[in-house]
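Working notes for the structure below.
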Amino acid sequence: MKGREELMVERLSESDAAEVEELLREVWPKAIEYPEKWRRARVIGRRQIIDEMKTSFHYFGIRLDGKIVGFYKARVLGDTYIGEHQSVHPAYRGCGLAGAMYKHFIQFARENGYRRIRVNILPSHVASVKLMEKFGFKKVREYEQVPGMLVHLYEKEIESEDAAEKTAK
């Protein structure tokens with residue numbers, strides 16, 4: 001990354017679907033730590049992205065040099081906000097994008113009154129595990145998300161904005 005641009009996470013819209021599709025086509029075929037069938041299923045097209053935006057998922061991303069270089073999506077299940085599909089363009093790995101997205105994920109959940117957040121992480125993704133620790137997530141279980149793919153489910157309890165302000169004082 002040239003210089004150090006501010007990492008701003010923004011809500012993505014239907015007009016961003018083609019760029020998200022392009023990013024997925026760049027990231028997932030190369031993510032060989034995942035089973036091939038899983039990787040293929042992660043490369044969704046713009047029509048599915050738009051349908052998800054309309055029905056069940058919030059999409060958020062980071063733009064650098066005028067293009068989307070990282071994104072995640074999240075959905076609500078009861079009082080829990082579930083983060084999924086975090087993807088960072090290979091040329092921008094190690095630049096803090098994942099951390100910025102986790103920070104945003106927590107803040108968005110807090111601002112919208114969700115009581116907890118959850119994510120699945122591959123135990124072999126050392127950087128992701130370190131982010132879980134940094135942001136106060138707790139590992140709640142280990143399971144095979146699909147045959148042959150062990151994941152750790154991490155959860156974080158979210159305090160309300162008011163409680164967070166009181167704690168800070």
Side-chain angles (χ1 to χ4, degrees), residues 1-46 48-50 52-53 57-75 81-110 117-146 148-156 158:
M1 231 168 58
K2 299 175 212 138
R4 182 74 174 156
E5 293 182 52
E6 179 71 26
L7 297 177
M8 299 293 297
V9 179
E10 63 183 80
R11 183 90 176 250
L12 300 178
S13 68
E14 293 177 30
S15 64
D16 298 311
E19 253 191 287
V20 172
E21 176 185 23
E22 184 180 321
L23 178 62
L24 293 171
R25 290 188 188 289
E26 180 65 33
V27 170
W28 285 95
K30 298 172 185 169
I32 60 171
E33 64 275 27
Y34 293 90
E36 185 177 350
K37 186 176 179 182
W38 182 262
R39 288 184 283 139
R40 279 197 311 266
R42 303 287 67 91
V43 183
I44 60 177
R46 70 189 76 177
Q48 184 176 345
I49 293 165
I50 290 169
E52 287 183 351
M53 287 176 169
F57 284 94
H58 301 139
Y59 274 70
F60 298 98
I62 296 176
R63 287 181 208 279
L64 293 174
D65 303 322
K67 65 178 186 170
I68 298 170
V69 295
F71 95 97
Y72 77 93
K73 65 183 185 181
R75 64 187 170 93
Y81 202 43
I82 301 169
E84 299 183 12
H85 218 142
Q86 187 180 72
S87 301
V88 174
H89 189 283
Y92 293 87
R93 294 206 175 122
C95 297
L97 275 70
M101 287 189 276
Y102 278 115
K103 184 176 179 182
H104 177 270
F105 178 54
I106 293 164
Q107 187 61 34
F108 186 87
R110 180 176 288 122
I117 54 179
R118 288 185 173 164
V119 294
N120 286 324
I121 302 290
L122 289 182
S124 62
H125 280 179
V126 175
S128 297
V129 172
K130 286 181 181 179
L131 284 172
M132 295 296 96
E133 294 167 0
K134 175 182 176 179
F135 288 109
F137 284 78
K138 304 290 184 228
K139 184 177 123 183
V140 293
R141 75 181 180 120
E142 177 178 284
Y143 68 100
E144 278 191 327
Q145 192 165 15
V146 296
M149 188 173 91
L150 184 69
V151 297
H152 289 171
L153 172 63
Y154 284 88
E155 182 176 278
K156 178 176 177 65
I158 301 295

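Position 1 is the first residue of the sequence, and the numbers go up from there.
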Side-chain donor-acceptor pairs of residues 23-31 under 3.5 Å, sequence neighbours excluded:
{"from": "Arg25", "atom 1": "NH2", "to": "Glu21", "atom 2": "OE2", "distance (Å)": "2.9"}
{"from": "Glu26", "atom 1": "OE2", "to": "Lys30", "atom 2": "NZ", "distance (Å)": "2.4"}
{"from": "Trp28", "atom 1": "NE1", "to": "Ser87", "atom 2": "OG", "distance (Å)": "2.9"}

- Message: Could you tell me if the side chain of Ile44 sits less than 4.5 Å from the side chain of Glu52, heavy atoms only?
- Response: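 They are in side-chain contact.
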- Item | Leu150 vs Leu122 side-chain heavy atoms within contact, under 4.5 Å |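 Counting from C-beta outward, Leu150 and Leu122 never come under 4.5 Å.
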How many angstroms lie between atom [atom1] of [X] and atom [atom2] of [Y], to the nearest 0.5 angstrom?
X     : Y     : atom1 : atom2 : answer
Leu64 : Met8  : CG    : CE    : 11.5 Å
Lys37 : Arg40 : NZ    : CZ    : 8.0 Å
Glu84 : Arg42 : CD    : CZ    : 8.0 Å
Ile68 : Ile62 : CD1   : CD1   : 10.5 Å

Minimum heavy-atom separation for [X] and [Y], please, with both atom names.
X      : Y      : answer
Arg63  : Asp16  : NH2-OD1, 2.7 Å
Pro123 : His152 : CB-CE1, 3.4 Å
Ile49  : Ala17  : CD1-O, 3.7 Å
Lys139 : Tyr154 : N-CD2, 3.5 Å

- Show the numbers, then the answer: is there a salt bridge (charged side-chain N to carboxylate O under 4.0 Å, His left out) between Lys67 and Glu19? CA-CA 8 Å; Lys67 65 178 186 170; Glu19 253 191 287; over 6 Å; no
- For Glu22, does the CD atom have more than 12 heavy-atom neighbours from other residues, nucleotides or ligands under 6.0 Å away? no
- Message: Going by the rule side chain to side chain donor-acceptor pair (under 3.5 Å), which residues pair with Tyr34 if we only count those two or more places apart in sequence or in a different chain?
- Response: none
- Task: Verify side-chain contact (heavy atoms from CB on, under 4.5 Å) between Phe135 and Val119, making sure each step is shown before the conclusion.
- Result: CA-CA 12 Å; Phe135 288 109; Val119 294; over 6 Å; no
- Message: Go through it in stages, so that I can follow the logic: the residues are Leu131 and Phe137, the test is side-chain contact (heavy atoms from CB on, under 4.5 Å), and I'd like the CA-CA distance, side-chain angles, deciding distance and then a yes or no.
- Response: CA-CA 8 Å; Leu131 284 172; Phe137 284 78; over 6 Å; no
- Charged N to carboxylate O below 4.0 Å: is that the case for Arg118 and Glu155? yes
- Please, which pairs that meet side-chain hydrogen bond (donor to acceptor under 3.5 Å, both in side chains) have at least one residue in residues 120-136, sequence neighbours excluded? Glu33-His125, Asn120-Tyr143
- Item | ring pair (Phe, Tyr, Trp, His ring centres under 6.0 Å) partners for Phe71, two or more places apart | Tyr59, His85
- Item | All ring pair (Phe, Tyr, Trp, His ring centres under 6.0 Å) counterparts of His58, not counting sequence neighbours | Tyr81, Phe108
For residues 95-106, run the donor-acceptor check on the side chains, cut-off 3.5 Å, and write out each pair with its distance to 0.1 Å, sequence neighbours left out.
{"from": "His104", "atom 1": "ND1", "to": "Tyr72", "atom 2": "OH", "distance (Å)": "2.7"}

- Item | Flag, side chain of Arg93 to backbone of Val88, donor-acceptor distance under 3.5 Å | yes
